[in-house]
Amino acid sequence: MYQFSTAGVLACAGLYVVLYILLQITQDRKEPPPVATSIPFLDPLVGIFTEKVQYLIQLRDKYRLPITTIRLPFTRIYVVNQPALINTIQRQGNAFAFQPVALEFGFLFSGITKKSQAILRNAFSGMGNGFTAGVHKYLHTGSNLDMVSGAATDALSASVPGLAGQMNVGLLHTIQHDLALALTDAMYGPQNPFRDPEVEASWHDFVPGIKHLLYSPFPNITAYRSLQARLRVIAALQQYFRKGGHFQAFPMVREMFDGYMSHGLELEEAAKLDMATLLAMLSSGGIAAFWLMFRVLSNNVVLGNCRQEILANLASNDTLTPDGRRVTVIDLSQLKSKCPTLMAMLNETLRYHSTVISAKNIREDFLLDGQYLLKKDAMLMIPGPVVHYDAAIWGLDADLFNHRRFLFPASARKRLVNTSNFRPFGAGVTMCPGRHFSTNAMVSLAAMMLLQFDVKPKDGAWKIPSTNNADLWNAMPKPDWDVEVDILPRKDAEAVEWKFVWGAQNSMG
Ligand code: HEM
Ligand SMILES: *[C@@H]1O[C@H](CO)[C@@H](O)[C@H](O)[C@H]1NC(C)=O
Ligand SMILES: *[C@@H]1O[C@H](CO)[C@@H](O)[C@H](O)[C@H]1NC(C)=O
Ligand SMILES: *[C@@H]1O[C@H](CO)[C@@H](O)[C@H](O)[C@H]1NC(C)=O
Ligand SMILES: *[C@@H]1O[C@H](CO)[C@@H](O)[C@H](O)[C@H]1NC(C)=O
């Protein structure tokens, strides 16, 4: 026994020495300094998987380095911590050395065949995010954005009133469901596959499998159930395109689909690619809207101010209903410009809760800022929280939630929302193209709920959930448990018939 454990210790010590030497000789002196580890390669692996983005924040606080190297088995990650350096990287734009990860992730999540992958890689050669160009084109600003935001508002107007009187429901579950239906209705039109509750349920069964697709050597064993669920969503998408649902959709859906087909993909394969857009569309919006509502509802001053601003600045009394009730029309397209409290809450919610990590693959050796060697095939990571919690940018209360933070005068705000300081949607050429659409839908949902309901926590007090089990890949952290609430119609609002519209559609019957 004694003999055995001595041998064990010696073997471990030997392994340690080998790993240590391996680490030293494979680390170039010009690379960003490596973080010290007690067990080379394994320490950071455990750290990232157990603490997730918190691990990166801890490293920043411990070493205070502008950029560091984390050595993992078979790969290295450079983690950027300093806003000035983040700016330098952003200025490289789409430089060949920095390849967006969207294309590879899109392939992975959608499960298209090797053959289709080769076709698309060839079609999008040299432009890593050509794959997402359709989303950038259609959701940027202007009339298309207004059209799709209006459609989402209509879907919310139809579903949100139905929440009245629901008791003991999960706030996250409720928000996620209504928002997902509104976003997918607005995108896919009358034949929206997510109208089928089985498809929505399958989607939720698929999502936990994503981390297996990213990190597991055998995803179809370790995430069997999730990948079966994905097949059901894919089948629904294939059916949708087969039946021509996309002819009645937001033009983006049809154009992207036609694009994939024109490169030579089969219909079955082209349909699968919508899994990638759906993931971008559904993964963070519902969670962000949950945190926004949690923050607004749990602060009576903020809640009162939000309601007051919406009523005072967006409402107009048009008509009376036949039974004499007043119809109050709320133009939600004006939330952004006329409801500073709600918009400031959204930004502070994103700043405080975001767990975003922007990632890029290094395609060739690159000297960053004239001093740091970034090696080919490594990954570059910019964790949002390290800048979101930086006291040099946000002041000494950086690690507190401050509902007044974004109520600064516009001049001061401009500096703060610069993407080197505020990056819940990423930055640069790959910055989230869905940010305006999702912002519009999130604040519309919030406004509708705030005016129509009193939402009360079942436990009497708002207890904030932890996020220890949240997925590393998600830009917003899913709470570890749902917050149970009662949704009660508001007494003083019952005499009113609400009509929620998006801008010019005001005149609609
Ligand atoms: C609160 C909601 C959302 C958050 C926090 C969010 C966040 C992000 C982030 C952090 C990125 C990566 C940016 C980068 O690498 O620089 C991203 C990319 C993307 N997002 Fe969003 N997103 C949201 C909603 C949406 C919606 C509703 C859509 C579509 C309708 C969407 C579509 C996309 C697409 C297509 C990309 C890939 C862009 C590219 O690489 O070219 N997102 N999003
Ligand atoms: C798992 O996936 C691989 C490739 O995607 C495939 O070749 C293999 O047959 C699958 N195994 C099972 C058990 O489904
Ligand atoms: C709408 O009518 C009600 C009651 O007549 C009034 O209290 C409210 O201020 C009016 N709102 C607007 C925007 O005119
Ligand atoms: C919130 O952040 C966005 C950038 O994501 C910015 O354009 C907007 O002005 C900010 N609004 C407020 C109220 O801070
Ligand atoms: C953000 O700030 C950096 C330096 O602080 C500056 O170089 C950059 O132009 C700013 N970006 C925008 C969009 O204002």
Side-chain angles (χ1 to χ4, degrees), residues 15-49 51-104 126-129 215 356-387 389-390 392-393 419-421 423 426-430 472:
L15 183 64
Y16 176 86
V17 171
V18 170
L19 289 177
Y20 184 82
I21 293 173
L22 191 65
L23 187 80
Q24 297 300 319
I25 58 173
T26 54
Q27 177 83 17
D28 196 302
R29 265 186 302 120
K30 282 205 257 104
E31 284 185 81
V35 293
T37 52
S38 43
I39 308 175
F41 303 104
L42 288 184
D43 260 13
L45 196 63
V46 173
I48 285 186
F49 280 99
E51 318 254 350
K52 309 198 179 75
V53 78
Q54 283 303 320
Y55 177 72
L56 304 180
I57 296 176
Q58 287 161 18
L59 291 182
R60 192 249 350 228
D61 290 345
K62 191 161 163 200
Y63 297 101
R64 292 265 148 216
L65 290 166
I67 180 167
T68 56
T69 307
I70 297 183
R71 297 292 303 269
L72 297 175
F74 311 112
T75 184
R76 65 232 295 142
I77 299 175
Y78 303 119
V79 183
V80 191
N81 292 320
Q82 191 190 56
L85 211 49
I86 294 175
N87 259 316
T88 310
I89 293 167
Q90 235 96 257
R91 273 200 303 273
Q92 311 292 327
N94 228 352
F96 181 74
F98 298 129
Q99 182 183 39
V101 292
L103 184 68
E104 295 304 321
M127 37 187 297
N129 65 343
Y215 317 121
V356 62
I357 301 178
S358 313
K360 293 178 193 302
N361 291 322
I362 309 286
R363 246 191 298 201
E364 59 185 11
D365 284 8
F366 185 82
L367 196 64
L368 175 63
D369 208 20
Q371 47 179 330
Y372 301 109
L373 174 66
L374 309 182
K375 283 190 159 176
K376 182 173 183 302
D377 296 332
M379 187 177 266
L380 185 72
M381 282 189 176
I382 307 174
V386 303
V387 288
Y389 286 174
D390 188 342
I393 300 167
T419 51
S420 52
N421 301 332
R423 33 188 316 121
V429 285
T430 57
L472 184 68

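To the nearest 0.5 angstrom, E364 atom CD is 11.0 Å from D377 atom CG. Put simply, OG1 on T68 and NZ on K62 are 12.0 Å apart, with the number rounded to the nearest 0.5 Å. Considering OG1 of T419 and CG of N87, their distance stands at 7.0 Å, rounded to 0.5 Å. Between D390 atom CG and Q82 atom CD the span is 9.5 Å, to the nearest 0.5 Å. A distance of 8.5 Å separates CG of D365 from CD of E31, quoted to the nearest 0.5 Å. Distance CD1/I89 to CZ/F366: 8.5 Å, rounded to 0.5 Å.
Between L65 and V35 there is no side-chain heavy-atom pair separated by less than 4.5 Å. Residues Y63 and P33 have side chains not in contact (no heavy-atom distance under 4.5 Å, counting atoms from C-beta outward). Side-chain contact between V80 and L380: present, with at least one pair of heavy atoms (C-beta onward) separated by less than 4.5 Å. Between P383 and V79 there is a side-chain heavy-atom pair separated by less than 4.5 Å. Annotation: side chain of L85 is in contact with side chain of L368 (closest heavy-atom distance under 4.5 Å). At least one side-chain heavy atom of Y78 sits less than 4.5 Å from a side-chain heavy atom of K375. Between R363 and K376, the closest side-chain pair of non-hydrogen atoms is not below 4.5 Å. Within the 4.5 Å cutoff, the side chain of K360 has no heavy atoms near those of the I362 side chain.
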R76 and I70: CA distance, side-chain angles, deciding distance, side chain to side chain contact (heavy atoms under 4.5 Å, CB included) verdict: CA-CA 6 Å; R76 65 232 295 142; I70 297 183; over 6 Å; no
Stepwise side chain to side chain contact (heavy atoms under 4.5 Å, CB included) test for I67 and L374: CA-CA 11 Å; I67 180 167; L374 309 182; 4.2 Å; yes
V387/N421 under side chain to side chain contact (heavy atoms under 4.5 Å, CB included): CA gap, chis, key distance, verdict: CA-CA 6 Å; V387 288; N421 301 332; 5.8 Å; no
Test log, rule side chain to side chain contact (heavy atoms under 4.5 Å, CB included), inputs R423 and S358: CA-CA 9 Å; R423 33 188 316 121; S358 313; 3.1 Å; yes
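Counting all heavy atoms, side chain and backbone alike, Y372 lies closest to P66 at OH-CG, 3.7 Å. Q27 and P32 get closest at one heavy-atom pair: NE2-O, 3.2 Å.
Formation of a donor-acceptor pair under 3.5 Å by the T88 side chain with backbone atoms of A84 is found in this model.
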